[in-house]
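First up is the structure itself, then whatever we jot down about it.
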Protein chains: 2
Amino acid sequence: MSNVTRKDVAKIAEVSEATVSRVFSNHHSVKAETKERVLKVASQLNYYPNVLAQNFAKRKSGNIGVVLPYIPSANVFSNYFFAEVLQGIGEVTEKNHYNMVLLFQHESNPMDYEQYFLRHEIDACLILGAKHREEEIRNLEKLHKRNLPFCMVNQHFSSQEFSEVDANHEDGSHQVIQHLYEQGCKKIAFLNGPLVFSNSSDRLAGYKKACKEWGLPLLEEFIHYGDYSRTSGYQKTDSILTLDMDAIYCANDRMAIGVMRRLEELEIQPGKDIALVGYDYSDLSRLVTPTLTSVEVPFREMGKHAAEKVLNDIAHSKVEYKQVKLATKLIINESSLLV
Amino acid sequence: MSNVTRKDVAKIAEVSEATVSRVFSNHHSVKAETKERVLKVASQLNYYPNVLAQNFAKRKSGNIGVVLPYIPSANVFSNYFFAEVLQGIGEVTEKNHYNMVLLFQHESNPMDYEQYFLRHEIDACLILGAKHREEEIRNLEKLHKRNLPFCMVNQHFSSQEFSEVDANHEDGSHQVIQHLYEQGCKKIAFLNGPLVFSNSSDRLAGYKKACKEWGLPLLEEFIHYGDYSRTSGYQKTDSILTLDMDAIYCANDRMAIGVMRRLEELEIQPGKDIALVGYDYSDLSRLVTPTLTSVEVPFREMGKHAAEKVLNDIAHSKVEYKQVKLATKLIINESSLLV
DNA sequence: ATGAAAGCGCTAACAG
DNA sequence: CTGTTAGCGCTTTCAT
């Protein structure tokens, strides 16, 4: 590595080092003539400011940490939620010349986010797929108390007042039940995800609320729990089928597709013998046959909002408390249209 | 932010600052007693070494740049190839306390990778989805000449001798044709991807070689080109169907699924009326009905190899020239099993 | 095994 | 508009 520094440019262009920096930092007034001369020398020498030195002097890493659960043997990226949120975050960080640094949280030892700040590894962080549990809350509380910029995505803790960008999953659920009701379904089974995720409990609340509203039976045995994997959908299907019901509403598309596979094996046709609804409106929902009725969630927008929020905090050197809840929308497809 | 520094710890622990650093950098001899005292004080003060200062002093960013094509309106992460490679890279960088920084290459202006090194933003870089074109090669050549560590993934330029981790796509293609031949197919249409990607041309070479080997007709009109998208598969189907053929081999699963959709609309059944084969053995290939026969490519391993290669270069401060080609493997499923 | 000190290449005042 | 200078918190080398 060559290592042309500001000093070299300054010497040849016959200006002070500070002026060289002024030229490269833009928001400083430099005479056009001087600027030109500096830029010319810089380009001749192939000079580029050293980001390491800049970061060090500014005490900013230029990194946004993105916390992801590490799922052994699985791929976070191939999960629609993560893929979309990351894409949204990536678009915003790129535009703002920030790096997105992925931090994998291993189930076994929850990470102390604060340390990343103390080490100056990140300037802010975004938390995806957080679970509602003691240790998590404690770690977030530390950030909160120290006024460090962070934001949760697609999650909220009823007990706390953390900044978050969420979607209205209660309403999403409500839309599903209303639609199924209008399709003539009277007994709707619900395959939910683990309640440690607020979106699961929000969906449950919406399910219950809607059932009451439309006078549908609200039985405990109608509510099942998977782990959001396709396999769990597949596996839970048999016990759901022992119920007297006419529709299955799954908390995500992957589980719905697992259910579809099992129904297929049993020669039960979704969209004909039974109504099936998924959630997320992922690309998968349009890939399967019949296409899946599902709830669209603006994951990418959520990622953007969250990233913009923390970048704003950084720019203003003060964290702003913010809670956003975006709308969800039912997209009707073949799987729930009983013919 | 508090900002407890080494100085604070040194003062209270009554040692020199250098000793504090020695304790935290491990590979330095410090008397057990001293070490203990320092660690105790550090933990009391909640001290963590400042990574920005460390990086600056060491002149290392701790970042591996990963170059990805930016595809507007699409999501790189939801693409099986990128998702898997990134996962592999991520596992290795995480283990080595390195960051993976995503660099999006916009089609309109190819990036000058060298600048990232000159700015000290990255210590090495990995190139995914590179196209074979002048500018790309010129930019890589600059890295090569300056002896900067980089590695291409799933791509190689016949004209150059760059480090790369590739898979044997020629053989993958060959396996497909052999299988179809054994299924009794005599006229195999091939829907390939753009030839700017070496994996496309490798597949083409394998297709041609195998056709010759088994005495199958090798007609230009049997070879079509899509852009690896599902839509392109769907759209190219009709013209492929005008041919007198008994099998369609697609260069990736997404296109194969597009073909499936169109065949479905036309009430042509893959695995019965016609044989269909995909490529990548992505999770999608197992989601569709019938399940897709496809070629497994060890993308995740490729990401790991590439990351390990450059980390090794960094550790040894010298770039090693390396070309790896991993095996591909045909996975037989329903779509190609003519009944 | 430990201390002392010279950088690393910038930013951010402050002075003129 | 431009120059000067004091840090930023480490790593590294040289002494002891």
Side-chain angles (χ1 to χ4, degrees), chain A residues 1-39 41-42 45-62 97 115 117-121 123 314-315 317, chain B residues 1-39 41-42 45-62 97 115 117-121 123 314-315 317:
Chain A
M1 286 290 306
S2 62
N3 272 319
V4 179
T5 71
R6 194 177 67 163
K7 197 174 208 164
D8 306 318
V9 177
K11 192 165 292 172
I12 300 185
E14 296 181 309
V15 290
S16 69
E17 292 190 36
T19 297
V20 176
S21 286
R22 285 184 184 113
V23 169
F24 280 90
S25 68
N26 290 328
H27 47 277
H28 272 292
S29 35
V30 178
K31 208 200 297 173
E33 188 192 347
T34 318
K35 181 171 178 176
E36 206 185 338
R37 185 154 35 96
V38 169
L39 286 174
V41 174
L45 299 186
N46 210 19
Y47 164 77
Y48 293 94
N50 183 328
V51 174
L52 293 178
Q54 289 180 320
N55 290 343
F56 174 52
K58 282 192 297 201
R59 281 163 283 268
K60 289 254 177 300
S61 66
H97 305 288
Q115 288 188 15
F117 285 92
L118 294 177
R119 287 186 208 281
H120 295 269
E121 282 197 79
D123 299 334
I314 293 171
S317 305
Chain B
M1 285 294 304
S2 63
N3 273 316
V4 179
T5 70
R6 193 177 69 163
K7 194 177 212 163
D8 306 318
V9 177
K11 193 165 292 170
I12 300 185
E14 296 180 309
V15 291
S16 69
E17 292 189 36
T19 297
V20 176
S21 285
R22 285 186 182 111
V23 169
F24 280 90
S25 68
N26 291 325
H27 46 275
H28 272 289
S29 35
V30 178
K31 210 197 298 172
E33 187 191 348
T34 319
K35 181 171 177 175
E36 204 185 339
R37 185 153 35 95
V38 168
L39 286 175
V41 174
L45 298 186
N46 209 21
Y47 165 77
Y48 293 93
N50 183 329
V51 173
L52 293 178
Q54 288 181 320
N55 290 343
F56 175 51
K58 281 193 295 201
R59 282 162 281 268
K60 289 252 176 300
S61 67
H97 306 287
Q115 289 190 13
F117 286 92
L118 295 178
R119 290 186 208 281
H120 294 270
E121 283 197 77
D123 300 334
I314 294 171
S317 305

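Quantities reported herein were computed from a predicted structural model and do not represent experimental measurements. Letters A, B, ... are given to chains in the order of the sequence lines, protein chains preceding strands, and every chain is numbered from 1.
In this structure, A:Leu52 and B:Lys60 approach most closely via the heavy-atom pair CD1-N, 3.6 Å. Across B:Leu39 and B:Phe24, no two heavy atoms sit closer than the pair CD2-CZ, 4.2 Å.
Shown here are the side chain to side chain donor-acceptor pair (under 3.5 Å) partners of A:Glu17, two or more places apart in sequence or in another chain: A:Arg6. Judged as a side chain to side chain donor-acceptor pair (under 3.5 Å), and not counting sequence neighbours, A:Asn50 has no contacts. Taking B:Asp123 as the reference, B:Ser61, B:Tyr98 meet the side chain to side chain donor-acceptor pair (under 3.5 Å) condition, with sequence neighbours excluded. For B:Gln115, the side chain to side chain contact (heavy atoms under 4.5 Å, CB included) criterion is met by A:Tyr48, B:Asp112, B:Arg119, not counting sequence neighbours. For the side chain to side chain contact (heavy atoms under 4.5 Å, CB included) test, residues two or more places apart in sequence or in another chain that qualify with A:Thr19 are A:Val15, A:Ser16, A:Arg22, A:Val30, A:Thr34.
An angle of 30°, rounded to 10°, separates the two end axes of the helix from C:dA1-D:dT16 to C:dG16-D:dC1, each defined over five pairs.
To the nearest 0.5 angstrom, A:Lys35 atom NZ is 6.0 Å from A:Asn26 atom CG. Taking CG from B:Leu118 and NE2 from B:His120, the interatomic distance works out to 7.5 Å, rounded to the nearest 0.5 Å.
Here the P atom of nucleotide C:dA1 and the NE2 atom of B:His27 are 15 Å apart, to the nearest Å. Between A:Lys58 atom NZ and C:dA12 atom P the separation is 7 Å, expressed in whole Å. Put simply, CG on A:Asn55 is 12 Å from P on C:dC10, counting in whole angstrom units.
Comparing A:Arg59 and A:Thr5 by the nucleotide of DNA chain C whose heavy atom lies nearest to each, the residue mapping closer to the 5' end is A:Thr5.
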Every protein N/O within reach of nucleotides 3-7 of chain C N/O, cut-off under 3.5 Å:
| unit_1 | atom_1 | unit_2 | atom_2 | d |
| --- | --- | --- | --- | --- |
| C:dG3 | OP2 | B:Ser16 | N | 2.7 |
| C:dG3 | OP2 | B:Ser16 | OG | 2.8 |
| C:dG3 | OP2 | B:Thr19 | OG1 | 2.8 |
| C:dG3 | N7 | B:Arg22 | NH1 | 3.1 |
| C:dG3 | N7 | B:Arg22 | NH2 | 3.3 |
| C:dG3 | O6 | B:Arg22 | NH2 | 2.6 |

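A donor-acceptor pair under 3.5 Å links the side-chain atoms of A:Asp8 to the main chain of A:Thr5, judged by distance alone.
Running 5' to 3' along DNA chain D, contacts with non-hydrogen atoms of chain A at under 4.0 Å begin and end at D:dC1 to D:dG9.
A close approach under 4.0 Å does not occur between any side-chain nitrogen or oxygen of A:Tyr48 and OP1 or OP2 of C:dG9.
In this structure, A:Phe56 does not count as stacked on the base of C:dC8 under the 5.5 Å centre distance and 30° plane angle limits.
Remark: B:Lys31, B:Thr34 in residues 31-39 of chain B come within less than 4.0 Å of DNA chain C through at least one heavy atom.
Residue contacts shown for A:Phe24 are absent, as no nucleic acid heavy atom lies under 4.0 Å away.
Contact annotation: the side chain of B:Val51 approaches that of B:Gln54 to within less than 4.5 Å [non-hydrogen atoms, C-beta and beyond].
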